[in-house]
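Everything below concerns the one structure shown next.
Just so it is clear, the model here is predicted, and its values are computed rather than measured.
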Amino acid sequence: MSGGAVASLPEGLLDGGVWFRVEAAATASAVRRTAERLAVELGLPERRIADLSIVAAEVAGNLVKHADEGLVLLRTVRTAEQAGVELIAVDRGPGMADLAVSAADGHSTAGTLGIGLGAIVRQSSWCDVHSVFGKGTVLATQVWPADPPPAAWAAGVTRPLTGESVSGDAYSVREADGRRQVMMCDGLGHGGLAAAAAHEAIRAFQDAPAGPPAAVLELMHRRMNHTRGAAVAVAELDADAGLVRYAGLGNITGTVIPPVGSRRGMVSLPGIAGHQRRQIREYDYPITPDAIVLMHSDGVVDRWTPADYPGLLAHSPLVIAATVLRDAGVRRDDAGVLVARLP
């Protein structure tokens, strides 16, 4: 976690992002200044940098004034055509009983010159908020230099072990010859060597020829033999067949979660991608358009209940992932959550 003044861009900001613990005005100012520096580095137009400055100031300022245990993740988002800046803010209370009222100008910054949640929504290219009264709020916002890309069908969030600047947990999303695939990995241990294994997993996943998850995972296993290894799982969401195809090695948890009814766990086999495997097998699971696929590392416990978060599964994969990480990422370890749904 970071805090206080920032003299230069923190290491990793252009890659996996940087978390800020936002408990004082000085840290809120650091979030704003760092967001501005990142936007300049990415070449955003001055008008969009000004918009981002307002967004970052309001997001971080509201955490200081209204939230408990507020955190902000600041990171780069990219498409093939452009790069933008993303902020994800989470807190553990008090939450908002009525989002529409809270979004009214002046409400969330009463007594200040700010114009609150409404300004965040207006100045952002894209924004999504979920709040449960008494539990807290998760807000995700993006500022792009031009028109934002289509809404993401999959997204994830990772957080390093406290005291580490990089995470050994990572995820990746791709579309290859019509196959929509996601990957979640957990590099063994933590710190730089775990992160190196995770980065190689991402490269191998993105480089792999289009094929079913088992074939992709087999190639990743071979490509990762020079790293310390990782737990890895690959899932493919097939809308036409109404199936999730899943292959995993090691302790990545994969689950299909419908809005109503019981969740269904997916099978990962024992092993370490890059070092040990007896076999790689692929399993199929039914999925409906209103369900999600959730994958996470062992830094996240599997004891959260969707029923405790009314309306959450209707939100973006990013907000769902950040909510689960906030409330279930309680083990002293790197933590990562990935959420995907049928397009």
Side-chain angles (χ1 to χ4, degrees), residues 1-22 24-65 67 70-91 103 108-109 112-129 138-152 155-160 165-167 170 173 316-319 321-322:
M1 304 296 176
S2 300
V6 177
S8 60
L9 287 178
E11 181 182 358
L13 187 52
L14 293 171
D15 187 7
V18 172
W19 286 92
F20 294 82
R21 187 180 301 279
V22 184
T27 310
S29 296
V31 171
R32 175 183 56 78
R33 293 194 303 272
T34 308
E36 291 170 349
R37 290 190 183 97
L38 178 58
V40 171
E41 183 78 15
L42 295 174
L44 267 66
E46 289 187 6
R47 177 182 60 83
R48 298 305 284 150
I49 295 174
D51 291 339
L52 175 63
S53 182
I54 293 172
V55 169
E58 288 294 340
V59 168
N62 286 338
L63 288 178
V64 173
K65 289 189 287 285
L71 299 169
V72 169
L73 173 61
L74 176 63
R75 64 184 182 181
T76 305
V77 283
R78 299 181 186 275
T79 67
E81 294 78 25
Q82 60 178 333
V85 178
E86 181 174 80
L87 290 94
I88 304 168
V90 303
D91 66 68
S108 62
T109 48
T112 78
L113 295 177
I115 50 177
L117 185 58
I120 296 171
V121 173
R122 284 193 300 273
Q123 307 302 323
S124 299
S125 303
W126 172 86
C127 185
D128 188 20
V129 187
V138 173
L139 180 149
T141 176
Q142 296 174 349
V143 175
W144 294 87
D147 292 338
V157 185
T158 62
R159 187 185 64 209
S165 60
V166 293
S167 176
V173 179
S316 63
L318 182 57
V319 163

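In this structure, the side chains of V90 and L63 stay at 4.5 Å or more apart for every pair of heavy atoms. Residues S167 and T158 have side chains in contact (heavy-atom distance under 4.5 Å, counting atoms from C-beta outward). Residues K65 and N62 form a side-chain contact, since some pair of their non-hydrogen atoms from C-beta on lies under 4.5 Å apart. Counting heavy atoms from C-beta outward, I54 and R122 have side chains that stay 4.5 Å or more apart. Between V59 and I120, some side-chain heavy-atom pair lies under the 4.5 Å cut-off.
Nearest heavy-atom pair across A321 and V157 is CB-CG2, 4.2 Å. Across every non-hydrogen atom of V77 and V85, the tightest pair is CG2-N, 4.0 Å. The shortest non-hydrogen separation linking C127 to L139 is SG-CG, 4.3 Å. Between A89 and V72 the shortest heavy-atom distance is CB-CG2, 4.2 Å. Between R75 and G17, the closest heavy-atom pair is CB-CA, 3.5 Å. When all heavy atoms of A28 and G61 are compared, the closest pair comes out as CB-N, 4.2 Å.
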Exercise. Taking it one step at a time, do L38 and T76 satisfy side-chain contact (heavy atoms from CB on, under 4.5 Å)?
Worked result: CA-CA 8 Å; L38 178 58; T76 305; 3.6 Å; yes

For this session: Given side-chain contact (heavy atoms from CB on, under 4.5 Å), test R48 with L42 step by step and report yes or no.
Result: CA-CA 11 Å; R48 298 305 284 150; L42 295 174; over 6 Å; no

Problem set entry | Candidate pair R32 and E36, rule salt bridge (charged side-chain N to carboxylate O under 4.0 Å, His left out), full reasoning | CA-CA 6 Å; R32 175 183 56 78; E36 291 170 349; 3.3 Å; yes

For this session: Would you sort out whether V143 and L44 count as a side-chain contact (heavy atoms from CB on, under 4.5 Å), showing the intermediate values?
Result: CA-CA 9 Å; V143 175; L44 267 66; 4.2 Å; yes

For this session: Apply the test side-chain contact (heavy atoms from CB on, under 4.5 Å) to residues V18 and L73: give CA-CA distance (whole Å), side-chain angles for both, the deciding distance (0.1 Å), then the verdict.
Result: CA-CA 6 Å; V18 172; L73 173 61; 5.7 Å; no

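To the nearest 0.5 angstrom, L74 atom CG is 5.5 Å from F20 atom CZ. Taking CH2 from W19 and CD1 from I88, the interatomic distance works out to 6.5 Å, rounded to the nearest 0.5 Å. Within the model, atoms CG of D91 and CG of L71 stand 9.0 Å from one another, a figure rounded to the nearest 0.5 Å.
Between the side chain of S125 and the backbone N or O of W144, at least one donor-acceptor pair lies under 3.5 Å. Judged purely by atom type and a 3.5 angstrom limit, Q82 uses its side chain to pair as donor or acceptor with the backbone of A146. Distance alone, capped at 3.5 Å, places no donor-acceptor pair between the D128 side chain and the A140 backbone. The backbone N or O of I49 lies less than 3.5 Å from no partner atom in the side chain of S53, so there is not a single donor-acceptor pair.
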